[in-house]
Amino acid sequence: MNPKERKATCNCGQLTAVVSGQPVRIAVCHCTACQIRTGSAFGVQARFDKSDVSISGHSNQYSRVADSGNRIRYDFCPDCGATLFYQFDSIPNVVSIPVGAFADQDFPPPTISIYEERQHPWVKIEGDIEHMN
């Protein structure tokens, strides 16, 4: 792997994504769907240009329509169940990857926090970050 590349994996390692470019956006999302998908109070994901992402392994896909009306397709490992990446039909040249899948303490911080009207009251997102309801 090139030193400028980052590798994301599912829990069992069968499904991987190697990214060669920098994220175009890193977001904290407090929407209910992200809370349910992650089993946490919010999701954190990085968006990459699709041309910078190389996927290996097998995945199953779950598709849903978001509150915005946009369709999202989530690809997850059929063995361990971890969501490794997802794509919005409205932005087909972008791949989103949960930041935790990189297991990289040096991963850049988020630049935006969205759906904050659904944020748990005990969650505080601080720092140089844009806040959106």
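This is a predicted model, so every value here is computed, not measured.
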In the single-linkage hydrophobic clustering (I, L, V, M, F, W, Y; side-chain heavy atoms under 4.5 Å), do Val53 and Ile91 co-cluster?
no

For Thr83 and Pro98, the nearest pair of non-hydrogen atoms, with its separation, is O-CG, 3.7 Å

Listed once per pair and sorted, the side chain to side chain donor-acceptor pair (under 3.5 Å) pairs that draw on residues 122-133, sequence neighbours left out:
Glu116-His131

Of all the heavy-atom pairs spanning Thr9 and Leu84, show the shortest one and how long it is.
C-CD1, 3.5 Å

Output side-chain donor-acceptor pairs under 3.5 Å for residues 70-82, partner residues at least two apart or in another chain, one line each.
unit_1	atom_1	unit_2	atom_2	d
Asn70	ND2	Ser68	OG	3.0
Arg71	NH1	Ser63	OG	2.7
Arg73	NE	Asp89	OD1	2.7
Arg73	NH2	Asp89	OD1	3.2
Tyr74	OH	Arg64	NE	3.2
Tyr74	OH	Arg64	NH2	3.2
Asp75	OD1	Gln61	NE2	2.9
Asp75	OD2	Ser59	OG	2.8

Drop me the distance from Lys4's NZ to Asp52's CG, to the nearest 0.5 angstrom.
12.0 Å

Which pairs with one or both residues in residues 102-111 pass salt bridge (charged side-chain N to carboxylate O under 4.0 Å, His left out), sequence neighbours excluded?
Arg6-Asp104

Check the orientation of Phe102 and Phe48. Use parallel for under 30°, tilted for 30 to 60°, and perpendicular for over 60°.
tilted

Give, for atom CZ of Phe88 and atom OG of Ser96, the distance between the pair rounded to the nearest 0.5 Å.
5.0 Å

Arg118: salt bridge (charged side-chain N to carboxylate O under 4.0 Å, His left out) partners, not counting sequence neighbours
Asp67

Grab the two heavy atoms, one from Gly43 and one from Arg37, that are nearest each other, plus how far apart they are.
CA-NH2, 4.5 Å

Residues clustering with Met132 (ILVMFWY side chains joined when closer than 4.5 Å, directly or via others)
Ile112, Ile114, Tyr115

Does the cation-pi check pass for Arg47 over Tyr86, that is, NZ or CZ under 6.0 Å from the six-membered ring centre and within 45° of its axis?
no

Less than 3.5 Å apart, which donor and acceptor atoms pair up between the side chains of residues 23-34 and the rest of the protein, not counting sequence neighbours?
unit_1	atom_1	unit_2	atom_2	d
His30	NE2	Ser113	OG	2.9
His30	NE2	Gln119	OE1	3.2

For His120 and Phe42: C-alpha separation, side-chain torsions, deciding distance, then whether side-chain contact (heavy atoms from CB on, under 4.5 Å) applies.
CA-CA 9 Å; His120 289 256; Phe42 51 84; over 6 Å; no

Smallest heavy-atom separation, Ala41 atom then Val123 atom, equals CB-CG2, 4.1 Å

Min side-chain heavy-atom separation Leu15-Ile55 under 4.5 Å
yes

